[in-house]
Amino acid sequence: MAIITIKDLQKTYNSSQVPVHALNGVDLTIDEGEFTAIVGPSGSGKTTLLNIIGGLDDPNDGQVIINDTEINHLSRAEKIDFRLHHIGFIFQAYNLIPVLTARENIEFILELHGIPKSKRRLRSNELLEAVGIPEKADIRPRQLSGGQQQRIAVARALASSPRFILADEPTANLDSASADNLLTIMEELNKKEKTTFIFSTHDARVVKKARRVVTLEDGKIKSDSKK
Amino acid sequence: MTTQTTSGGFKSIVKIAWRNLWRNKKRTLITASSIFFGVILSALMGSMQEGSYQKMIENVARFYAGHAQIQHKDYPDNQSTNNSFVPSDSLTIKLNNTEGIDMVVPRLESFALASSGNQTEGVMVLGVNPEQEDEMTELSDKIVEGNYFDGPTQLLAGKELAENLGISPGDTLVMISQGLHGVSAFGKYPVAGLFSHPNPELNRQLVYLPLDEAMYFFQAFDHVTSLALVGNSQKAVNKAIPEIKQHLEQDQVLRTWQEMFPAILQQIESDRATALIMKLILYLVIGFGILGTVVMLMAERQHELSLMVAVGMHRSKLALMLLLEILWMGVMGVIAGFIGSLPVIAWFASHPVPITGQAGEWMKNIGFEPYMFFAWDVGVFLEQMLVVFVLTLLISFYPFVRAFKISPIVGLRN
Ligand SMILES: Nc1ncnc2c1ncn2[C@@H]1O[C@H](COP(=O)(O)OP(=O)(O)O)[C@@H](O)[C@H]1O
């Protein structure tokens with residue numbers, strides 16, 4: 001069943017002298033449970049695509065329909081609620097609120113949902129276990145390694161069991177062992193929690209783990225292959 | 001799929017704001033101390049101002065006119081013995097029993113010509129009760145030659161007047177004037193002493209006679225031109241005024257020192273305006289200091305603020321979070337400033353700062369004690385605390401407004 005339907009997405013940046021056509025008519029459907037990599041050279045439009053799917057940015061034309069909701073038609077405030085309830089985000093780096101501990105970062109999302117403390121605690125324990133660093137629960141991001149920070153970011157993104165997770169180059173700042181490790185964790189959670197993952201990358205080893213690879217070039221889909 | 005509004009997360013917001021406050025301890029402490037010093041300085045300035053006004057008022061009210069006077073209704077326009085009155089016993093009893101009024105001092109005042117040898121001068125004759133007058137104005141301390149009244153028919157003259165007339169204690173002064181209802185007044189008085197009054201005008205013109213003697217001279221027995229009322233503060237006297245007014249005769253009026261000396265009030269007002277400009281400059285300096293911190297803080301946190309919006313935190317919560325942080329900084333500074341200024345101002349209030357050199361001489365010449373006085377006035381602190389706090393509040397408006405413009409795009413680009 002499709003959870004994301006993208007139709008003829010166009011995005012042009014006019015901030016520089018020459019308009020940049022970052023997305024040039026992207027059509028894409030993502031089904032529930034996918035583990036999909038968006039790949040392509042730098043500047044091909046991966047970040048732009050993920051930002052628009054996540055309602056962080058608006059397209060110039062086209063539609064993003066998530067189940068029945070056309071996300072770009074929501075108001076600013078509605079988009080925020082929509083993201084909180086349905087989408088988990090993992091960014092390239094510095095994903096965490098620096099003054100909160102690892103556990104507090106995970107529980108922060110749950111608190112925004114209004115989930116009571118005891119349930120928050122159960123869920124954060126479960127996720128800290130799942131990402132393999134329960135002993136780092138009470139440590140602030142600054143004292144975690146890059147790989148550990150990204151693992152907590154994965155746990156944070158999954159906290160409220162969103163429909164899908166958007167991860168923009170989640171391994172870009174990691175060494176290959178940590179990157180591999182992170183992908184393994186994501187893969188496991190994709191299966192265990194049945195959460196859809198869409199992640200962008202240009203790391204060949206990461207691409208190997210994906211079950212579907214969508215290749216972008218100059219803002220267009222060049223190829224789309226499923227394993 | 002539904003989108004519901006979520007109101008959770010306030011505990012986290014408070015927690016994040018509090019921890020953010022201590023994230024850059026040095027900066028927070030520097031900003032809080034600029035608020036701290038702002039409060040101390042402005043409170044010190046305010047209490048210096050109030051102190052000098054209180055002193056000025058005290059000089060006029062306490063040591064000359066009284067906080068208020070009861071006069072004949074025509075006396076303000078025509079200061080003659082014809083516009084005097086006989087205080088009734090009931091009025092005197094009433095005044096002595098009014099709460100807030102510590103002293104009721106009768107005076108009979110008019111003009112006369114005084115001569116000694118070939119010299120003649122116009123003088124102001126002030127008939128006073130020696131004991132009461134001394135209690136009120138500490139006149140005996142101002143005697144620079146001779147003695148304070150040592151007999152019923154003796155007179156005190158201003159130092160400068162005495163020089164102009166060429167008299168000294170022991171000499172005799174002849175005075176002529178017009179008494180009550182136009183009778184002619186004539187008297188010869190030995191000089192008991194000379195006084196030096198801080199007010200040069202009075203030094204040149206004033207002659208004190210014992211009240212009974214003045215009544216005899218002006219043929220105005222039992223008459224007074226004023227009853228000066230002294231309380232332990234202007235406030236206490238003001239409170240008693242409505243009650244006193246009910247007991248006045250039709251031809252009597254009650255005038256406060258402000259009504260008698262409007263120029264002093266004007267001077268205070270204009271001084272307040274000048275001081276306000278100084279304070280505004282001070283507030284501006286503090287304000288820009290805090291603003292600098294806030295702008296820096298917003299720039300540094302761009303990324304994480306975007307992140308919070310991206311993962312589903314409403315901008316209004318972000319605004320609240322930033323507001324809390326700035327307000328805490330302000331409250332910390334203001335409270336520390338309050339606590340810090342207490343001992344400083346207490347010390348200055350009991351240790352007036354002497355003004356030396358030319359400025360001091362100048363103050364002495366115009367009749368003021370050459371000291372900088374500080375008032376111990378809780379109102380001054382509270383006002384300065386409030387002003388600085390409101391200032392912080394105004395500045396926290398900046399991050400508050402900016403929060404609503406935070407983009408959810410978490411770019412490492414910016
Ligand atoms: N905010 C922006 N302003 C102007 N140009 C932008 C902006 N964001 C992205 N671009 C441009 O859009 C194109 C696509 O960028 P991006 O989506 O970041 O690609 P990728 O993630 O694949 O590297 C690039 O040419 C980039 O320079």
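All of these numbers come straight from a predicted model, not from anything done at the bench. Chain identifiers are assigned alphabetically (A, B, ...) following the order of the sequence lines, protein sequences preceding nucleic acid strands; residue numbering begins at 1 within each chain.
By the salt bridge (charged side-chain N to carboxylate O under 4.0 Å, His left out) test, B:D377 is found to be paired with no residue, residues two or more places apart in sequence or in another chain being considered.
Atom CZ of B:F37 has 12 or fewer neighbouring heavy atoms from other residues, nucleotides or ligands inside a 6.0 Å radius.
Most heavy-atom pairs under 4.5 Å with chain B: of the set A:E107, A:R76, A:K79, A:R156, this distinction falls to A:R76. The choice from A:S160, A:A157, A:P98 that makes the most heavy-atom pairs within less than 4.5 Å of chain B is A:P98.
Distance check: B:K11 NZ to A:E104 CD gives 12.0 Å after rounding to the nearest 0.5 Å. For the atom pair CE of B:M313 and CZ of A:F108, the computed distance is 4.5 Å after rounding to the nearest 0.5 Å. Rounding to the nearest 0.5 Å gives a distance of 3.5 Å between CG of A:D57 and CD1 of B:I409.
Both the backbone and the side chain of A:L100 come within contact range of chain B, judged by heavy atoms closer than 4.5 Å. B:K15 touches chain A through its side chain: at least one heavy atom from C-beta onward sits under 4.5 Å away, while N, CA, C and O do not. Heavy atoms closer than 4.5 Å to chain A are found in the side chain of B:L307, but not in its backbone. When heavy atoms are compared at a cutoff of 4.5 Å, A:R140 approaches chain B solely by way of its side chain, counted from C-beta outward. Heavy atoms of A:I87 lying under 4.5 Å from chain B are absent altogether. Using a 4.5 Å cut-off between heavy atoms, A:N95 contacts chain B through both its backbone and its side chain.
Between B:H314 and A:L112 there is no side-chain heavy-atom pair separated by less than 4.5 Å. The shortest distance between side-chain heavy atoms of A:I80 and B:R315 falls below 4.5 Å.
The closest donor-acceptor contact from the side chain of A:R83 to the backbone of B:G312 lies at 3.5 Å or more, if one exists at all.
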